[in-house]
Structures are given as structure tokens and as C-alpha cells.
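Encoded as C-alpha cells, the structure appears first; notes follow it.
In what follows, chains are A, B, ... by sequence order, proteins preceding strands, each numbered from 1.
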Amino acid sequence: NAGVTQTPKFQVLKTGQSMTLQCAQDMNHEYMSWYRQDPGMGLRLIHYSVGAGITDQGEVPNGYNVSRSTTEDFPLRLLSAAPSQTSVYFCASSVAGINTDTQYFGPGTRLTVL
Amino acid sequence: AQSVAQPEDQVNVAEGNPLTVKCTYSVSGNPYLFWYVQYPNRGLQFLLKYITGDNLVKGSYGFEAEFNKSQTSFHLKKPSALVSDSALYFCAVRDMDGAGSYQLTFGKGTKLSVIP
């Protein structure tokens, strides 16, 4: 049981480049989410999904796209990277529903945009 | 809207002394409250949660937290700090009754340093 996995661990992009951050979980969790962590800002929710085919925006969605074609995978796409997107990105998953509770976090992707 | 405040950016405590990391919250409905810990270069790990029931919640690694509805607080405590407790601690809240009830809102984090 690998839990929540994220790839890559590190990435450097140039302004305007695109990339996809991968996230997968093997716990059959319905709920998945993406956060970014910036110094002094805590974690801010980018996008989330309550099940395959269902996604919604969080607090800071601009510049990011997501899709959820399977229960296991929840990729985050940067269409045109900007220096403001330099951050550490965390994916998380949990059981959905009225008892949604503990979120399980991946190890993170450290992204630098030059 | 829901929000969390962690008023201290950093807390320093001597090893063996009790520690407290403060958290206050704001929600329109009833709160689910959580504490997570982050060690350097790692993802967040769940420590404990308050859903309902007893106001004193016990969690992993000897940590506990007390829910105080009148003060809208959920402070994290440990009777005797260890050097290995040094990490970044996040408080989080979810509104049980709100429209965005799937969303967790995190505080900015408090860096705990336990001095040998």
C-alpha cells in the first residue's frame, strides 16, 4: 500500500512552459485535492475532486487545470508557468462523504519557475 | 467563510517542559478541527482531530488538543516536549454544515523548536 505518490519530486521550468504534476493514490479514496505551500502562507487549496469526473475550484485555482478520469489519479496541469507558481505542491486524498476526515498527503513536488 | 489563525510563527520550548501551540478558528456552522505536523522536506502527517464529543482529544506521539467552543480555540498540547517534536505544525478547520464542507482550511503554521 503506497498511499499517496507524487511525481516528480523536483522540477525547474522556464516561464511559459507547461507541465503536469502527477498524483496517485491506492487507497480507493473518493476525495482528492491539490495544495500549494508558500512560506508564511500555510497550505492553500488549488483544486479538489469528490470523485471521478467531478472537480471544483479551491482558493487559488488560477493558472491550474485538473481532471479526474479515474479514482486513483488526479493530475495538476500548469498551462503556462509563471514565477508566481514557484512553490511546493502537495496532493492529498481522503474518504469522501459526511465523515470526510483525515487527509493523507503525498511527499510533495518542489517547483521552481524561472 | 471559514478561517484559521495560528498567532505564533514560532514557539521555543525546553526539552521536558510542556508545550502549547495555539489555534483559533472561525466557521459559520459546527467545526471539524485537525492538527497536522510537517517534518522537513516531508508531506503533512495527521496528528489528531475533533469531530464531536469529548472536548479533550488525544492523538499521536503523546499530543492532545482541547476544543473550546466559547473561545473558538483548539490548542495543541503535550506535557513533556521532546527534541524530536521539532517541526512545523498546522491547524485546520472544516465547516461541517457549510456549502464548501469538503474543503479544509489551514492555518499558516507554527514552527516548534524544542531546545535540548
Worksheet item: Phe106(B) versus Leu45(A): any side-chain heavy-atom pair under 4.5 Å?
Response: no

Worksheet entry | Atom group of Leu43(A) that falls short of 4.5 Å from chain B, counting heavy atoms | both

Worksheet entry | Residue among Met41(A), Glu59(A), Gln37(A), Arg110(A) with most heavy-atom pairs under 4.5 Å to chain B | Gln37(A)

Worksheet entry | Shared hydrophobic cluster for Tyr64(A) and Met19(A) (ILVMFWY, side-chain gaps under 4.5 Å) | yes

Worksheet item: Does Asp73(A) have any salt bridge (Lys or Arg N to Asp or Glu O under 4.0 Å) partners at least two apart in sequence or in another chain, and if so, which?
Response: none

Worksheet item: Applying a criterion of heavy atom separation less than 4.5 Å, what residues of residues 4-14 of chain A form contacts with chain B?
Response: none

Worksheet item: Is the CZ atom of Arg77(A) crowded by more than 12 outside heavy atoms at less than 6.0 Å?
Response: yes

Discussion item. I want to check something: taking the side chain as every heavy atom from C-beta on, are Phe90(A) and Gln38(B) in contact at a cut-off of under 4.5 Å?
Written reply: yes

Fill in: Path from Val11(B) to Leu19(B) over hydrophobic side-chain contacts below 4.5 Å
yes

Worksheet item: Taking a hydrophobic cluster as the set of Ile, Leu, Val, Met, Phe, Trp and Tyr residues connected by side-chain heavy atoms closer than 4.5 Å, whether directly or through intermediates, do Tyr61(B) and Leu48(B) fall within one such cluster?
Response: yes

Worksheet item: Would you say Trp35(B) and Leu88(B) are hydrophobically clustered, going by side-chain heavy atoms of ILVMFWY under 4.5 Å?
Response: no

Worksheet item: In terms of hydrophobic clusters joined by side-chain contacts under 4.5 Å, are Phe63(B) and Phe74(B) together?
Response: yes

Worksheet, complete the sentence: Rounded to the nearest 0.5 Å, the CD atom of Gln45(B) sits from the CD atom of Gln103(A) at a distance of 14.5 Å

Fill in: Centroid separation Tyr36(B) to Phe105(A) less than 6.0 Å
yes

Item to complete: Evaluate side chain to side chain contact (heavy atoms under 4.5 Å, CB included) for Leu104(B) paired with Tyr35(A), printing each intermediate quantity in order.
Response: CA-CA 10 Å; Leu104(B) 264 185; Tyr35(A) 295 89; 3.7 Å; yes

Discussion item. Counting heavy-atom pairs closer than 4.5 Å to chain B, which one of Gly40(A), Gly108(A), Ala92(A), Gly106(A) comes out on top?
Written reply: Gly40(A)

